[in-house]
Amino acid sequence: MARVASVALLTPLPQLDRVLEYAIPEPLQASIAVGVRVRAPLRTGGRVVEGFVLALAEESSYEGKLAELVSVVSPVPVLTPEIAELAREVANRQAGTLNDVLRLAVPARSARFEAAWWEARCAGSAPETGGIRHAVDGDSDATEAVPRERAFRAAPHGVRSDGTPRALAAILDAALADLSHGESVIVAVPDFREVELALRYLSTRADERLVRRMDARLKPKERARHFLACLEGTPVIAIGTRSALYAPVTKLASIYIWDDDDDSFTEPLAPYAHTRDVALLRQQLTGCRLVFSSYVPSAAVVRLIDMGWLTAHDDRQVNLPRVVISEHVLGEDDRLQHARIPSYAWRRAREALSSSNVLMQVGRAGYAPALVCEGCGERVTCRSCGTFLGQPRKDALPRCRVCGRDYMRWSCLHCGSERARPSGSGVHRTVEELGRAFPGATLVVADGEHERVSVSGTGNLVVATRGTAPIAPSGYACVILLDTGSMLLREGLDVVLDALHGWAAAAALCADDGEVFVAGSEHPATIALRDHSELALVREELQARRALSFPPTVRVAEVHGTRAEVEHALERLGEQHELDILGPLTDEDGTSRALVRMSYANARTLVPAMKAELVRAATSRPAPLPGKRRAAGSTLRIRLDPPHAF
DNA sequence: AGCACGCCGACT
DNA sequence: GTCGGCGTGCTC
């Protein structure tokens, strides 16, 4: 009989991120199990904290006297050994705590639902599963010797007549095949739109009880329902967003990641693990198949291809859309001039609207991305942060795009004028201009504020920002990409790849016999889109980054906190490691940040050292600041591989 | 986080 | 001689 439980405590303190042993009092013997949630005492203050049982044993390996567990919160073993191990790996990779990962991996308890579910289980209402068995209960299936494939697949373009993108259907067909072999699948997609498209596709092809949805939009009870169903032991397709990677499914055959470069896959909560990395860790842990699929591979995926870790396949069909690059010419029709549309594209779009739909992708949201002074033509800037003011809606007040502040009154710093006019066009102004260029068309706006999954019928002229385009069944006869030049003018390491990614996503919504017009000039990125040679462009970009030690060819840690904390942490880390440090720079709010670059090999020792440094910072008193006597906790934070750091 | 242990200044 | 300051360290 097990007398000792190893428990991971659910406390945010990095110094308590370890496994403590507790004695199991007699009354808890009946309900305790590996994976259950328990309450455990912590000496100081008679505090009681929650935790998960990670293991049970006869004997203690701790020489001191064990405290007794207080209670079992719920007898349901919600934390399977596989997920516990995955969470530990994720925490280690990110210099974070197990607790932080478990918060993402195990949904909040829905007590009443969980109790009812457990009672139904115990009553043996499901003879086919015969009670709870964890996924890794031995050599139950024959996954052993043969390593499963790890691949990148360049996704097929186009949209089926039922409105499902072919790329998504290809993934779901593969998932259904795995399911038919009696194994589980995880499918991760960027957001709820793809989840809904996928569920619709699967609804006619799989028993709905075998499809489990995991995304943040679910209400707590629904989340619990789908989560607990994964524990039942029946193979399922778990489809969802970031959290799907933590689904405790049984017999995991495959993980499919759709469009791993989408920003939605960066976890906004500590320890900020990217879905791609969680997938890689889970693959290594379980040996399952792992397939990344997207129209354009991410730089991270190309790195893995070049290392030989992923094999690349091209699933694109021969009927890739024709892509035409053309600039609009001065002296063209005035309406086109305003709408920034090349006249050739305009003629084709007009024809297309009679029998199909047209998509225009615009580079900027809002009404006007910038305002200029009517007196002197200078750009209008924000007084507090110095960036340019824009206009979110026609006739709306000027608003700072960075700090969000609205300006009731404004006067030009250069000439004193109080009048400004819009400069450039966001979606809304583009719609206004298009109304004139396409009289009679039904204008549909899709941006972050107007979410639309699809359009139906014909004659729709859809104006969308990047990543928000609705899907037209069978595709758009004509896709026009506006503002390509200005998108490439932005600052940042990822500008070119981000732009290409967004264009490719819109181009892929084109009908098989349709055309894509790039309104702009020839640039390596627009040429790659035209020639369907995206992989080569990303590879070139990756090589350039390798030469300059930019991610993803190196790992990056962002060290953040007070100037003293950051400098102290870097100094201590520098005592034992060779550090490549950029910064620290101090922000307006008084906090400092530095970037530390490291090779993947060096990260294996440096990241644990960073975790140790966080523990040290949390336990030792902060250096006494002159003036302030507050002994506040440490504000040192370390974020690994922050997106868009350069 | 909390809270106990521990070694130096002004008090009945 | 003690009460108490909060610096340091620990939590099974």
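Order of the sequence lines sets the chain letters (A, B, ...), proteins ahead of strands, with each chain counted from 1.
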Peer 1: Please report the C-alpha distance between R213(A) and V195(A) in whole Å, then the side-chain angles of each, then the deciding distance to 0.1 Å, and finally whether the side chain to side chain contact (heavy atoms under 4.5 Å, CB included) criterion is met.
Peer 2: CA-CA 8 Å; R213(A) 178 174 177 172; V195(A) 173; 3.6 Å; yes

Peer 1: Rounded to the nearest angstrom, tell me the gap between atom CG in L20(A) and atom C1' in dC12(C).
Peer 2: 5 Å

Peer 1: Can you find a heavy atom in the side chain of L595(A) that is under 4.5 Å from one in the side chain of I581(A)?
Peer 2: no

Peer 1: Can you list the residues that meet the side chain to side chain contact (heavy atoms under 4.5 Å, CB included) rule with R399(A), with sequence neighbours excluded?
Peer 2: P392(A), D406(A)

Peer 1: Send over the distance from L69(A) CG to dC12(C) C1', rounded to a whole Å.
Peer 2: 10 Å

Peer 1: Look at the side chain of R43(A) against the base of dA4(B) and say whether a donor-acceptor pair falls under 3.5 Å; ignore hydrogens and angles.
Peer 2: no

Peer 1: Can you list the residues that meet the side chain to side chain contact (heavy atoms under 4.5 Å, CB included) rule with P75(A), with sequence neighbours excluded?
Peer 2: S31(A), W118(A)

Peer 1: Tabulate below the donor-acceptor pairs under 3.5 Å that side-chain atoms of residues 83-92 of chain A make, not counting sequence neighbours, or state none.
Peer 2:
unit_1, atom_1, unit_2, atom_2, d
R88(A), NE, N92(A), OD1, 3.2
R88(A), NH1, D17(A), OD1, 3.3
R88(A), NH2, D17(A), OD2, 3.2
R88(A), NH2, N92(A), OD1, 3.0
N92(A), ND2, R88(A), O, 3.4

Peer 1: Would you kindly give the CG-to-C1' distance between L16(A) and dC10(C), to the nearest whole Å?
Peer 2: 9 Å

Peer 1: Hey, can you pull the residues of residues 54-68 of chain A with a non-hydrogen atom under 4.0 angstrom from DNA chain C?
Peer 2: Y62(A), K65(A), L66(A), A67(A)

Peer 1: Using modelled atom types only, decide if a donor and an acceptor are shared between the side chain of E613(A) and the backbone of I638(A) within a distance under 3.5 Å.
Peer 2: no

Peer 1: Check this for me: does any side-chain nitrogen of one of R242(A) and D215(A) sit under 4.0 Å from a carboxylate oxygen of the other?
Peer 2: no

Peer 1: Of all residues at least two apart in sequence or in a different chain, which pass the side chain to side chain contact (heavy atoms under 4.5 Å, CB included) check with R289(A)?
Peer 2: R148(A), E149(A), D178(A), S254(A), Y256(A), V291(A)

Peer 1: In whole Å, I'd like the distance from the CD1 atom of I24(A) to the P atom of dC12(C).
Peer 2: 16 Å

Peer 1: I need the residues from residues 5-13 of chain A with at least one non-hydrogen atom less than 4.0 Å from DNA chain C; give them sorted by number, or say none.
Peer 2: none

Peer 1: How many Å lie between CZ on R18(A) and P on dC10(C), as a whole number?
Peer 2: 9 Å

